[in-house]
Each structure stands twice: as structure tokens, then as C-alpha cells.
Amino acid sequence: MSKIKVSNLYKQYGDNHVLKGVDLEVKDNEVVVIIGPSGSGKSTLLRTLNKLEEPTSGSVIVHGEDIAKKDVNIDKVREQIGMVFQHFNLFNNLSVSDNIMLAPMELKNVSKEDASKLARKLLKIVGLENKFDAPIQSLSGGQKQRVAIARALAMHPDIMLFDEPTSALDPEMVGDVLSVMKQLAKDGMTMVVVTHEMGFAKEVADRVLFVDKGKVLEEGTPDEIFNHPKDLRLQEFLSKVL
Ligand code: ADP
Ligand code: MG
């Protein structure tokens, strides 16, 4: 069954045409990785999947509902879709545990005790069980990103979106974040991941999409995309990043 089905999606800012007829389908338990040059519309595409951006036209069906429509309950959509950003977007004035506990308590009326138990469980999953009370500022970038993943998971989403989660990290931090993401994928999470980590894409993706200048130019298995690319722009892109 498809969890996300984007059809003929267009997005423009003024006269900047950013997405030009994108189709994207994500099935239950699938990991879809989006690659492509900077400025090609990857973040914009990802952000339309939880209505952080309004499409200019086209449909974005998530869990059977067209979230491109005006009257959709956006809070409900976002409860089911977790998002992890390049720059973490954590509350820097709160502790690690408060960052994780906030949304379940405020949006789902979870008790403080249950939220705290959940935070402990999630911190264990992301390998930060000893950081429960730590201030966010005391963490490294890689640790912050793992807290951001735990925070997203605290809402029990059934889709996770990742927008270049490791691009702002020092190289030695990248592996820890990718291994948390790999474990999530293994556990059956449905994921859409924008990344420049081609090793991750090869190993974890069920499908890879190459986006350039607002269009999906090629789509296939990691083997097809990385070992037998057909599109010339994809070949050129890969020659630079591999
Ligand atoms: P990518 O993630 O592939 O680097 P983006 O989706 O961030 O690409 O951006 C694609 C294009 O859309 C760029 O030209 C960018 O300047 C433009 N853009 C993105 N967000 C906005 C916005 N909120 N307002 C105006 N232009 C934007
Ligand atoms: Mg981007």
C-alpha cells in the first residue's frame, strides 16, 4: 500500500519554478533516498510532504488524504510524519529530555511520567541514555541530531522525513547518525531521506530518485542508479560525488 503518493507536483516562488511536475510514491516500510545537486528542489519536495510548503498545483496524498487541499487537518498530518532537519531545530534553552517530552505532553496529553519513560527509551535507542538531563548546548552536532531523531520518534510517526541530516556535522559524527537511521530502516520505518551520503543510499535505500532542476530525471534501485545510470546529468552528478 502506498503511504505517500505525489502526482504532478508544481511549486513556484514568484517566477522561480522550483518543482516542475514531480511524481513520487512511497510504500509502507520503504526507504526512498533523494539525491541531486544543491538548489534542485529536494528540500522543497520534502517539505510539501508534511505541508511545511503549499504546492502550487498537483496532489500530495499522505495516508490516503490529499494534504495539498486547504481544509486538511495539518496537526494530524504532522503527528504521523516526523521530520529531521539539517540544523536540528531543537529548543536550545531546554534539556535533552524536555525537548523529547514536549510534543507528546502538549499535543497528545501524555503524562509527564509516561513522557519521561518514553524519552529514556528513545535516548537508549539513539545511544544517548546518559544525556537525559544534559543541556542541548553541551552536546556535539552528532548528539544533537540523534536527540532530534528521538524527538521526532516520540510522536510515534509512521513516516520519517530526513533533510540532509548529516550535512552540518563534522565527519566523525556522521557515522553515529547514519547508524541510528539504518536501524530505524531495519525496524521497518517508512523513510524519505535527502542526503549526499551515497554509501547510505547504496546500502539502505529501496529506491533512489535523482532530482535536478525541479524534475525527477531518473529513479531506480541503488544498483540501477549507481552502477548503471542512464541520464547524462545523473552520470555527471555521480562523477562529482562518488
Ligand atoms: P535543495 O534542497 O535541492 O538544495 P531547495 O528546495 O532548498 O533545493 O531550493 C530550490 C529553489 O527554491 C532554490 O532556488 C531556492 O532559492 C528556492 N526556495 C526555496 N525555499 C524558498 C522560499 N521559502 N522562498 C523563496 N524561494 C525559495
Ligand atoms: Mg535542501
Side-chain angles (χ1 to χ4, degrees), residues 1-13 15-50 53 55-62 66 68 81 83-86 159-167 171 174-175 177-179 181-182 184-186 188-242:
M1 197 197 120
S2 75
K3 281 204 171 167
I4 298 175
K5 194 169 191 320
V6 172
S7 308
N8 212 18
L9 179 67
Y10 284 79
K11 174 70 181 177
Q12 62 191 85
Y13 298 104
D15 52 15
N16 185 5
H17 296 259
V18 174
L19 298 176
K20 298 180 264 192
V22 170
D23 295 319
L24 163 71
E25 188 169 4
V26 184
K27 298 204 166 72
D28 208 4
N29 303 130
E30 236 187 343
V31 178
V32 173
V33 169
I34 298 172
I35 61 172
S38 158
S40 57
K42 305 180 299 298
S43 293
T44 304
L45 172 59
L46 207 61
R47 292 162 61 85
T48 58
L49 301 181
N50 68 348
E53 299 286 351
T56 303
S57 66
S59 64
V60 180
I61 315 276
V62 178
D66 189 352
I81 306 182
M83 182 142 180
V84 174
F85 303 87
Q86 182 175 352
I159 299 171
M160 285 282 283
L161 309 177
F162 293 86
D163 192 359
E164 298 198 30
T166 60
S167 294
V174 169
V177 172
L178 292 180
S179 61
M181 292 168 64
K182 276 179 206 167
L184 268 182
K186 239 188 214 164
M189 180 62 80
T190 304
M191 294 165 49
V192 184
V193 182
V194 174
T195 187
H196 294 294
E197 293 292 332
M198 298 301 146
F200 176 87
K202 281 182 191 171
E203 191 185 332
V204 184
D206 295 302
R207 231 155 6 97
V208 180
L209 271 69
F210 173 62
V211 174
D212 190 19
K213 300 198 176 86
K215 288 186 178 164
V216 178
L217 294 188
E218 194 162 335
E219 175 176 352
T221 63
D223 180 53
E224 288 165 341
I225 293 290
F226 294 110
N227 301 331
H228 311 283
K230 297 188 200 82
D231 182 85
L232 285 178
R233 298 225 295 264
L234 172 57
Q235 291 172 8
E236 193 190 334
F237 176 76
L238 291 175
S239 74
K240 289 181 195 150
V241 296
L242 287 180

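Asn8 places none of its side-chain heavy atoms less than 4.5 Å from the side chain of Ser57. Residues Leu24 and Val32 form a side-chain contact, since some pair of their non-hydrogen atoms from C-beta on lies under 4.5 Å apart. In this structure, Val60 and Leu49 have side chains that are in contact, with non-hydrogen atoms separated by less than 4.5 Å. At a threshold of 4.5 Å between non-hydrogen side-chain atoms, the residues Phe162 and Leu184 count as touching. Using a 4.5 Å heavy-atom threshold, the side chains of Asp163 and Gln86 count as separate. Lys42 places a side-chain heavy atom less than 4.5 Å from the side chain of Glu164. Proximity of Leu234 to Ile35: side-chain heavy atoms (C-beta onward) are separated by under 4.5 Å at one or more points. A heavy-atom distance below 4.5 Å is not found between the side chains of Met181 and Val204.
Between Val33 and Ala201, the shortest heavy-atom distance links the atoms CG1-CB, 3.8 Å. Val22 approaches Gly214 most closely through the heavy-atom pair CG2-O, 3.5 Å. The shortest non-hydrogen separation linking Pro37 to Ser40 is O-OG, 2.6 Å. Minimum heavy-atom separation, Asp66 to Ser59: OD2-CB, 3.5 Å.
With values rounded to the nearest 0.5 angstrom, Thr56 atom OG1 is found 8.5 Å from His17 atom NE2. Atom-to-atom distance recorded for Lys3:NZ and Met191:CE is 12.0 Å, nearest 0.5 angstrom. Rounding to the nearest 0.5 Å places NZ of Lys27 at 12.0 Å from CD1 of Ile4. Separation of atoms CD (Glu25) and OG (Ser7) is listed at 8.0 Å; rounding is to 0.5 Å. In this structure, Ile159 CD1 and Ile81 CD1 are separated by 4.5 Å, a value rounded to the nearest 0.5 Å. Distance check, rounded to the nearest 0.5 Å: CZ of Arg207 to CD1 of Ile225 gives 10.5 Å.
For Asp206 (side chain) and Val31 (main-chain N/O), a donor-acceptor pair under 3.5 Å exists by modelled atom type. At distances below 3.5 Å, at least one donor-acceptor pair connects side-chain atoms of Glu218 with backbone N or O atoms of Lys230. Side-chain atoms of Thr48 do not come within 3.5 Å of backbone N or O of Pro55 as any donor-acceptor pair.
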Quiz item: Are Phe200 and Thr166 close enough, and set up right, to give a side chain to side chain contact (heavy atoms under 4.5 Å, CB included), and what steps lead you there?
Solution: CA-CA 11 Å; Phe200 176 87; Thr166 60; over 6 Å; no
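Under the rule for a ring pair (Phe, Tyr, Trp, His ring centres under 6.0 Å), the partners of Phe210 that lie at least two apart in sequence or sit in another chain are Phe237. The side-chain contact (heavy atoms from CB on, under 4.5 Å) test applied to Gln235 returns Pro229, Leu232, not counting sequence neighbours.
The number of heavy-atom neighbours closer than 6.0 Å to NZ of Lys20, taken from other residues, nucleotides and ligands shown, is above 12. Residue-environment remark: NZ (Lys182) exceeds the threshold of 12 foreign heavy atoms within 6.0 Å.
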